[in-house]
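Predicted, not measured: the structure shown is a model, and the values here were computed from it. Residue numbers start from 1 in every chain, and the chains themselves are labelled A, B, ... in the order their sequence lines are given, proteins ahead of strands.
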Amino acid sequence: MNKYRSHTCGELTVKDKNKKISLSGWINKKRDHGNLLFLDLRDNYGITQCVIENSHVNFKELEKLPLETVIKIDGKVLERSKDTVNKDLNTGMIEISINSYEILGNTKELPLPIFSDQEYAEEIRLKYRFLDLRRKKIHQNIILRSKVISFIRSEMEKLGFLEFQTPILTSSSPEGARDFLVPSRLNPGKFYALPQAPQQFKQLVMISGFDRYFQIAPCFRDEDARADRSPGEFYQLDIEMSFVQQENVFEVVETLMINLFKKFSDKKIIHEKFPKITFSESMLKYGTDKPDLRNPLIISELTEIFKRSDVSFEIFKKLVKKGSIVRGIITKNTKDKPRSFFDGIDKWAKEQGASGLAYFTIEKDTEVKGKGPVGKFFSSQSIQELMKISKAEVGDSVFLACGKKNEVEKILSDARDKIGHELNIINYNSYAFCWIVDYPMFEKDENSKKIVFSHNPFSMPQGDIKNLDLSNPLEIKAYQYDIVCNGVELSSGAIRNHIPELMYKLFAIVGYEKEQVDKKFSGMINALSYGAPPHGGIAPGIDRIIMLLAGEKNIREVTMFPMNQNAQDLMMNAPSEVDEEQLKELNLLIKKKK
RNA sequence: GGGGGUGUAGCUCAGUUGGUUAGAGCGAUCGCCUGUCACGCGAUAGGUCGAGGGUUCGAGUCCCUUCACUCCCGCCA
């Protein structure tokens with residue numbers, strides 16, 4: 001008991017009947033009957049109905065108080081009569097007969113209502129975030145976030161990991177995203193960078209002999225926002241382990257994810273042992289390296305069909321001759337779907353900027369044949385061959401895309417989502433995790449035609465590392481992996497390359513001299529030269545995990561004080577101009593806009 | 001940097017082929033109402049139709065420019 005409350009607004013029950021209590025909170029809602037006033041008092045823990053009659057000396061004052069005024073109420077707990085019980089409230093069996101009240105905080109007229117399920121413009125929500133956060137749904141999301149992070153900490157500790165903080169003011173990294181820079185006062189003209197991730201530090205933690213590290217790590221990247229990507233800052237569950245192989249990292253993450261998702265969601269986890277899909281298989285079957293495995297549709301490679309003489313689909317055949325490829329999606333038992341379904345998909349594909357999706361349905365009377373706009377171009381034998389390749393059956397349909405490999409992958413990947421949704425064959429009430437493995441170490445840059453690192457230059461290549469064949473660099477796979485859930489990339493990770501000599505060789509392939517590597521990555525290379533353990537890790541995105549658990553599509557719904565798309569904090573007015581004096585101290589001059 | 005969407009009362013939105021004084025619900029203010037829990041009923045106030053320019057007898061509506069928010073592409077080792 002303190003001067004403000006004896007109980008919270010979520011805890012009183014019939015057991016407390018006739019107790020004299022005090023509650024403090026916000027006026028959530030009033031129902032004014034003229035001679036009888038109901039007043040719902042709200043705090044973090046719940047809502048309690050309070051009631052006062054017009055015979056009471058304070059009646060007229062309470063009647064006039066605006067919603068969201070913060071008040072303290074002294075009163076008595078009354079059991080509600082049976083017909084006035086509210087089953088939607090934990091405290092719905094009781095109400096408080098108001099004895100006296102005290103205003104603790106007045107309110108101006110509200111720029112947005114708190115007690116409403118309406119959606120509001122982001123601008124007003126972000127400017128008055130402290131009001132927005134009072135609203136039930138986002139309030140619960142933020143509480144969920146706290147509980148998830150707390151659970152992760154305790155699970156990681158149980159798994160033998162130690163949590164360490166790494167520097168926020170560090171050095172600019174030469175590759176990767178754009179850095180946030182912080183000018184140094186003591187070192188004029190020089191800048192710190194905020195870490196894009198504690199990547200190098202966590203490797204240094206391993207080299208320092210701490211064996212298993214984790215951190216709920218803030219990461220800063222100065223890149224443009226998306227619905228699932230905050231501008232500026234986000235959080236990763238940063239993990240690194242010594243003396244491990246890829247499989248050991250997977251075990252830890254699978255254990256954690258399954259415990260976490262079971263604890264915080266009732267949705268079904270489809271594969272408790274996460275399937276491993278190679279990068280190349282994923283690009284073929286799903287058209288992306290972040291497949292949504294809740295969707296059963298699969299893409300088939302069908303280019304060969306269009307080289308046959310008994311296929312007369314000339315548009316595709318011509319393109320194939322020029323080097324295009326053809327892939328298709330089979331939909332099971334769609335022979336009775338109306339024409340509008342197929343045309344709708346085709347039209348949608350054209351809207352996506354593709355040349356559309358050709359389609360036909362496989363039918364059989366005396367022999368197998370294609371029905372639909374392009375069905376007539378295929379001989380019975382060619383369709384049978386197509387059925388063999390794609391495991392299609394009579395009654396199924398096929399949607400075909402033709403073009404450059406990356407274009408076909410893109411449109412069919414999107415088409416999987418679209419068609420799966422239209423056919424209602426995606427179980428949205430489930431989680432489908434998978435690992436994407438065997439990423440290529442290198443790739444050819446489309447523009448420059450040069451060989452570049454496809455992911456992380458510090459990943460360990462696969463194969464015999466003492467005698468690695470470097471003659472076909474594009475063939476080299478890395479111990480580099482992603483974890484994906486429901487089409488959301490939660491994280492990438494890798495077994496790291498802890499052998500400096502090997503690193504020089506790999507950097508040589510992308511055109512870096514030893515001296516350049518030494519200069520650019522001096523900290524890392526130097527540390528790896530003094531007895532580095534084999535190590536590897538991963539860093540699942542905390543915000544995205546919470547989005548999945550909360551069923552939210554926008555990262556701002558699980559972030560307490562997010563910035564808007566232009567990386568501005570509308571509540572705190574950041575970024576802002578600073579005093580001339582501050583700039584002077586930092587040896588900075590601002591170039592005036594024309 | 002590029003493309004799409006949105007912008008009308010404090011909030012959420014409607015407003016037809018350009019045509020009288022721009023509307024509704026919630027909220028606010030005032031009044032009535034003793035069992036509501038999205039209480040009910042009545043009244044009142046509240047508008048630079050994002051901004052600027054143009055076409056027109058006449059623009060919330062059409063055209064141009066611009067700003068803000070948002071979604072996407074680029075970007076995110």
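- In this model, the phosphate group of B:C39 is approached by a side-chain N or O of A:K29 to a distance below 4.0 Å at OP1 or OP2.
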With 3.5 Å as the limit, what N/O pairs link the protein to nucleotides 6-11 of chain B?
residue	atom	partner	partner atom	Å
B:G10	O2'	A:P111	O	3.2

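- Residue contacts shown for A:E53 include a base, since a base heavy atom lies under 4.0 Å away.
- Here the separation of B:A43 from B:G4, taken at their P atoms, is 46 Å to the nearest Å.
- As judged by a 4.0 angstrom heavy-atom cut-off over every strand, A:K64 is placed among residues touching the sugar-phosphate backbone only.
- Look at the C1' atom in both B:G74 and B:U8: the space between them is 34 Å, to the nearest Å.
- Base pairing annotation: B:G19 forms a Watson-Crick or G-U wobble pair with B:C57, both donor-acceptor distances under 3.5 Å.
- Side-chain contact between A:L126 and A:R129 is present, with heavy atoms from C-beta onward closer than 4.5 Å.
- Rounded to whole Å, the separation between the P atoms of B:G3 and B:U65 comes to 11 Å.
- The side chain of A:Q565 places an N or O atom within less than 4.0 Å of a non-bridging phosphate oxygen (OP1 or OP2) of B:C71.
- Judged by closest nucleotide on RNA chain B, A:M563 is the one of A:M563 and A:G176 placed further toward the 5' end.
- Nucleotide B:A9 forms a pair with no other nucleotide shown, judged by Watson-Crick or G-U wobble geometry with both contacts under 3.5 Å.
- Checked against the 6.0 Å centroid threshold, A:H33 and A:F38 count as a close aromatic pair.
- Checked by distance alone, A:R229 brings a side-chain donor or acceptor within 3.5 Å of a matching partner on the base of B:C76.
- No side-chain N or O of A:D43 forms a donor-acceptor pair with one of A:T8 less than 3.5 Å apart.
- Residue whose closest nucleotide on RNA chain B sits further toward the 5' end, between A:A197 and A:N566: A:N566.
- Between B:A38 and B:U55, the distance separating the two C1' atoms is 48 Å to the nearest Å.
- Taking atom P in both B:C41 and B:U20, the straight-line distance is 31 Å, to the nearest Å.
- A:D228 places its CG atom 10 Å from the P atom of B:C71, with the value rounded to the nearest Å.
- A gap of 15 Å separates the C1' atoms of B:U21 and B:G15, to the nearest Å.
- Taking the P atom of each, B:U70 and B:G23 are spaced 32 Å apart, rounded to whole Å.
- Among the heavy atoms of the strands lying under 4.0 Å from A:N564 are primed sugar atoms or P, OP1, OP2 only; no base atom is included.
- Taking 4.0 Å as the cut-off between side-chain N and carboxylate O, A:E409 and A:R327 count as a salt-bridged pair.
- A:R556 comes within 4.0 angstrom of sugar-phosphate atoms only, judged by non-hydrogen atoms across all strands, and of no base.
- Residue A:K82 has no polar side-chain atom (N or O) positioned under 4.0 Å from OP1 or OP2 of B:G35.
- Exactly one of A:Y439, A:W435, A:Y481 qualifies for a ring pair (Phe, Tyr, Trp, His ring centres under 6.0 Å) with A:F279. That residue is A:Y439.
- Distance, A:D179 CG to B:C76 P: 12 Å, rounded to whole Å.
- At a threshold of 4.0 angstrom between heavy atoms, the contacts of A:Q49 include nucleobase atoms, whether or not backbone atoms are also involved.
- Looking at A:E95, its side chain comes within 3.5 Å of the base of B:G35 through a donor and an acceptor atom.
- Here A:Q568 reaches the OP1 or OP2 of B:C69: one of its side-chain N or O atoms lies under 4.0 Å away.
- For A:H33 and B:U36, the ring-to-base geometry does not satisfy the stacking test (centroid distance below 5.5 Å, interplanar angle below 30°).
- Summarising the base pairing, B:C39 is matched to no nucleotide, lacking a Watson-Crick or G-U wobble pair whose two defining distances lie under 3.5 Å.
- Between A:R226 and B:C73, a side-chain N or O to OP1/OP2 separation shorter than 4.0 Å is present.
- If you check every strand for non-hydrogen atoms under 4.0 Å, A:V85 touches a base.
- A donor-acceptor contact closer than 3.5 angstrom links the side chains of A:Q462 and A:D438.
- Counting heavy atoms from C-beta on, the side chains of A:T559 and A:D543 come closer than 4.5 Å.
- Counting heavy atoms of neighbouring residues, nucleotides and ligands inside a 6.0 Å radius, atom OH of A:Y192 does not exceed 12 of them.
- For A:R31, a side-chain nitrogen or oxygen approaches OP1 or OP2 of B:C39 to under 4.0 Å.
- Contact annotation for A:N554: backbone-only contact, meaning every heavy-atom pair under 4.0 Å involves sugar-phosphate atoms and none involves a base.
- Between B:A28 and B:C69, the two C1' atoms lie 26 Å apart (nearest whole Å).
- Each of A:Q215, A:R496, A:Q203, A:Q199 was evaluated against A:E240; a single residue qualifies, A:R496, per the side-chain hydrogen bond (donor to acceptor under 3.5 Å, both in side chains) test.
- For the pair A:N86 CG and B:U36 P, the computed distance is 11 Å after rounding to whole Å.
- Closest to the A:E63 side chain, of the nucleotides B:C33, B:G1, B:U36, is B:C33.
- Aromatic pair A:Y512/A:Y504: ring centres not closer than 6.0 Å.
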